[in-house]
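These values consider heavy atoms only, across backbone and side chains, with no hydrogens, waters or symmetry-generated copies. Because the structure is a prediction, the values reported are computed rather than measured.
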Amino acid sequence: MFDTILIANRGEIACRVAATARRLGVRTVAVYSDADADARHVRACDEAYRLGPAPARESYLRGDAILQIARRCGAQAIHPGYGFLSENEGFAQACADTGVVFIGPPPSAISAMGLKAESKRLMAAAGVPLVPGYHGEDQDPALLASEAAKIGFPVLIKASAGGGGKGMRIVREAGEFAAALASCKREATASFGNDAVLVERYATKPRHVEIQVFADAHGHALYLFERDCSVQRRHQKVIEEAPAPGLPEATRRAMGEAAVAAARAVGYVGAGTVEFILDASGAFYFMEMNTRLQVEHPVTEMITGLDLVEWQLRVAGGEPLPLAQSDLRVNGHAIEARVYAENPDRGFLPSTGTLVHLRTPPAVQFTVGADASGRPAAVRIDSGIGEGDTITPFYDPMIAKLIVWGEDRAQAIARMRESLARFEAVGPSTNVDFLGRLMRCRSFAEADLDTALIEREREALAPRTAAPPAIVLATAAAAVLTAETPRGAASDPWSVADGFRIGAPLARTLVFTRGESRHEVVLEYGRGGHAVRTGDTVLCLAALRRDGARVSGIAGESRFDASAVVAGETLYLFGIDGHWQLGYAPPLAHAGDADDTGGSLAAPMPGKVIALMVEAGATVRRGQPLLVMEAMKMEHTIAAPADGVVEALLYRVGDQVAEGAALVGFAASVPAPA
């Protein structure tokens with residue numbers, strides 16, 4: 001075992017590694033960019049060093065700077081986490097050359113599995129089944145188009161280097177191929193510095209099932225069962241669970257043995273994941289190997305009771321695997337939901353900003369251990385983000401991983417539903433409500449899984465449009481009322497906000513909005529208290545109390561106890577029939593605002609302009625692409641909202657733009673009079 005390790009990563013994985021290292025008595029060293037100077041992972045470690053400015057290429061991707069810090073602090077080993085340099089052959093080799101242990105596979109294994117095309121050739125030689133496709137070195141666009149036609153549409157274009165859904169496009173017909181290929185290559189270059197791609201048959205209704213493998217330097221290798229990662233958006237995982245629902249034991253064993261064969265074929269050491277496509281017939285095909293620990297490793301830990309980070313440290317220190325394949329058992333069912341700062345209602349666009357309010361359900365953090373009965377913790381949260389922290393455009397926008405365990409899948413789903421209902425986040429947009437709808441979705445509940453589940457269940461997963469019930473509006477009114485009551489009002493008669501008037505008692509109209517709908521609540525002040533009137537419903541308010549963000553009381557015959565948080569002109573309510581977001585602006589909030597003249601398109605998120613598709617003065621049609629932005633290494637096309645003329649392009653390729661910045665001066669065409 002090592003005395004000191006350096007964690008060459010950030011966020012929840014750096015905190016996760018630090019937690020295990022602390023339990024083992026190993027000293028940890030953090031590195032950070034300027035954007036992460038006050039981050040949780042910095043506080044979680046014994047020592048911390050600055051790497052550089054916020055962009056990853058100037059900080060977390062600086063292998064030379066990381067090695068300098070390792071020498072300076074006396075670290076014997078470096079844990080790369082996942083992402084950044086975790087699958088970088090050159091960095092692993094540099095560690096070896098300087099006598100620092102890279103806690104991961106040898107450089108040769110990273111190289112062999114790092115390029116998808118090369119890895120598939122190796123897997124074919126090892127007898128691992130492959131998806132039919134083109135994996136050659138010739139990248140001529142005409143040849144790739146020809147190979148796609150031979151394979152038959154639909155096909156999947158995939159970046160040969162890297163993963164995470166970046167540089168990947170489904171092409172359903174020949175006419176879409178050229179544009180998809182160009183976009184795929186741009187994204188692959190931006191993400192991995194390599195624009196090579198492969199083209200494969202796109203399986204209909206495929207499941208994404210992966211096998212966790214582990215190998216040591218003594219010739220031992222095993223698999224720790226499988227995870228189903230089929231629930232995805234933009235080819236990136238949203239929900240992971242273990243074991244895979246409905247997987248026959250014979251298939252589990254065959255996939256596990258194939259995964260171990262894949263690891264042995266490249267001389268693998270450490271933790272790795274072999275990913276397979278499982279088609280409707282039950283046949284499975286090798287997709288790729290991730291030569292690192294995966295984001296979803298906690299579900300494997302929950303069903304096996306094993307600390308995979310501890311295994312990583314011990315194997316990297318030269319110890320043999322602590323168990324044999326015959327020692328391993330599956331216990332219960334685990335589900336992980338990735339809580340992201342993103343807007344599912346706007347195509348899952350990343351969202352940035354400060355988390356002004358964050359409350360999570362009761363849970364353990366980064367803990368693998370079981371209780372006295374041998375059961376894992378029911379709820380676990382792995383997070384590198386806390387209240388007051390800022391989600392920036394520089395890194396992955398994940399806020400937390402919410403992991404639950406149950407005796408069976410039904411119990412795990414029930415626990416996840418309950419935990420999501422108690423997860424409160426205000427600031428940037430999040431996918432918490434979307435995840436809750438996903439847990440209630442029929443296809444997910446019945447394990448009718450495939451990688452297109454989110455797309456085919458779009459209607460069921462859409463946000464609810466029903467008007468908020470009276471109890472919700474009453475709670476909103478109570479939140480406004482208690483927020484207006486100053487502290488110390490009971491002892492200061494001039495500050496009492498009881499609505500006293502000479503003559504008739506005060507009645508105020510509060511206007512809340514939800515989407516395009518408007519909801520009026522009449523708040524009536526009386527000697528005995530308050531009442532709220534919404535439509536034909538009247539509810540008397542009593543026992544109102546506010547404690548920080550919590551507001552509680554009685555509305556009619558119903559008690560309520562909710563978190564009420566105001567951010568800008570949005571009132572967030574948590575705990576009353578789920579989560580509610582209501583627009584609310586005080587009456588004088590916009591007094592004196594100038595009229596919005598419009599005439600421009602705004603950036604939907606912070607990012608960089610990477611392509612201009614038109615020139616100033618161009619006449620365009622509604623839906624025509626105008627420019628392409630990149631945010632967090634994903635591309636987003638900005639299209640014309642109507643027929644019209646591009647009057648000005650306000651940014652050049654390479655410019656960084658803020659969320660809400662006007663990108664294009666645009667004049668919509670005015671229809672000629674009939």
Return each pair, listed once, that meets ring-ring contact (aromatic ring centres under 6.0 Å, His included) where at least one residue sits in residues 421-442; pairs must be two or more places apart or across chains.
F348-F434

Trace of the side chain to side chain contact (heavy atoms under 4.5 Å, CB included) decision for V480 with F512:
CA-CA 11 Å; V480 171; F512 300 101; 4.2 Å; yes

In this structure, CE of M613 is separated from CD1 of I638 (nearest 0.5 Å) by 11.5 Å

So that I can tick it off, tell me whether R40 and E12 are bridged by a salt bridge, with the cut-off set at under 4.0 angstrom between side-chain N and carboxylate O.
no

Here the ring-ring contact (aromatic ring centres under 6.0 Å, His included) pairs for residues 130-161, sequence neighbours left out, are none

Is the CG atom of D38 crowded by more than 12 outside heavy atoms at less than 6.0 Å?
no

Side-chain ion pair, K120 and E200, N-O less than 4.0 Å
yes

Can you name the side-chain contact (heavy atoms from CB on, under 4.5 Å) partners of A452, sequence neighbours left out?
D450

Hey, does the side chain of D643 reach the backbone of R622 with a donor-acceptor pair shorter than 3.5 angstrom?
yes

With heavy-atom distances below 4.5 Å as the criterion, would you say the side chains of Y395 and F84 are in contact?
yes

Could you tell me which non-hydrogen atom of V645 sits nearest to which non-hydrogen atom of G617, and how far apart they are?
CG1-O, 4.0 Å

Do you know the tightest heavy-atom contact between I391 and S351?
CG2-O, 3.5 Å

Within the structure provided, determine whether R201 and Y285 are in side-chain contact (heavy-atom separation under 4.5 Å).
no

H519 side chain to V511 main-chain N or O, any donor-acceptor pair under 3.5 Å?
no

Closer than 3.5 angstrom, by distance alone: can the side chain of D34 be matched with the main-chain N or O of A54 as a donor-acceptor pair?
no

Quick check: does any side chain N or O of N343 sit under 3.5 Å from a backbone N or O of S429, one acting as donor and the other as acceptor?
no

Thinking salt bridges, do E336 and R227 make one under a 4.0 Å N-O criterion?
no

Does E296 come within less than 4.0 Å of K401, counting only side-chain N to carboxylate O?
no

Any luck finding a side-chain donor-acceptor pair between Q232 and T451 under 3.5 Å?
no

Can you tell me how far the NE2 atom of H297 sits from the CD1 atom of I403, to the nearest 0.5 Å?
8.0 Å

Looking at R186 and E630, is there a salt bridge between them, counting it only when a charged N and a carboxylate O are closer than 4.0 Å?
no

So, for M113 and S119, which heavy atoms are closest and what is the spacing to 0.1 Å?
SD-CB, 3.5 Å

Ignoring hydrogens, what is the shortest heavy-atom contact between R62 and R57? Give both atom names and the distance.
CG-O, 3.8 Å

Is the side chain of Y60 donor-acceptor paired with the backbone N or O of S33 at a distance under 3.5 Å, no angle test?
yes

Distance-only check: which donor-acceptor pairs under 3.5 Å involve side-chain atoms of residues 436-443, not counting sequence neighbours?
unit_1, atom_1, unit_2, atom_2, d
R437, NE, L461, O, 2.7
R437, NE, A462, O, 3.3
R437, NH2, L461, O, 3.3
R440, NH1, G436, O, 3.3
R442, NH1, E446, OE1, 3.0
S443, OG, R456, NH1, 3.2
S443, OG, E457, OE2, 2.3

Please identify which of these residues, I335, L435, I454, meets the side-chain contact (heavy atoms from CB on, under 4.5 Å) condition with V231.
I454

Could R10 and D396 be called an ion pair, given the rule that one side-chain N must be under 4.0 Å from one carboxylate O?
no

Would you indicate whether the side-chain heavy atoms of V197 and K185 approach each other to under 4.5 Å?
yes

Strictly by modelled atom types, are R169 and S183 linked by a side-chain donor-acceptor pair under 3.5 Å?
yes

Between F394 and D36, is any pair of side-chain heavy atoms under 4.5 Å apart?
no

A side-chain contact here means heavy atoms from C-beta on lying under 4.5 Å apart; do E424 and V565 qualify?
no

Quick check: do V609 and L649 have side-chain heavy atoms less than 4.5 Å from each other?
no

V274 vs M289, test: side chain to side chain contact (heavy atoms under 4.5 Å, CB included). Steps then yes/no.
CA-CA 4 Å; V274 182; M289 183 177 189; 4.1 Å; yes

Do L650 and V664 have side-chain heavy atoms sitting under 4.5 Å apart?
no

Does the side chain of Y82 pick up a donor-acceptor pair with the side chain of N290 at under 3.5 Å?
no

Could you work out, with side-chain contact (heavy atoms from CB on, under 4.5 Å) as the rule, every residue matching E58, not counting sequence neighbours?
P53, P55

Using side-chain contact (heavy atoms from CB on, under 4.5 Å) as the criterion, list what pairs up with A639, not counting sequence neighbours.
none

Main chain of K166, side chain of E187: is a donor-acceptor contact present, judged purely on distance under 3.5 Å?
no

Please find the pair of heavy atoms, one from R292 and one from G81, that lie closest to each other, and give the distance.
CB-O, 4.2 Å

If you compare all heavy atoms of F192 against all heavy atoms of A161, which two are closest, and at what distance to 0.1 Å?
CD1-O, 2.8 Å

If you define the side chain from C-beta out and look only at heavy atoms, does anything of Q139 sit under 4.5 Å from L144?
yes

Under 3.5 Å donor-acceptor, S383 side chain and I385 backbone:
yes

Approximate separation, where rounding is to 0.5 Å, of T354 OG1 and D389 CG
8.5 Å

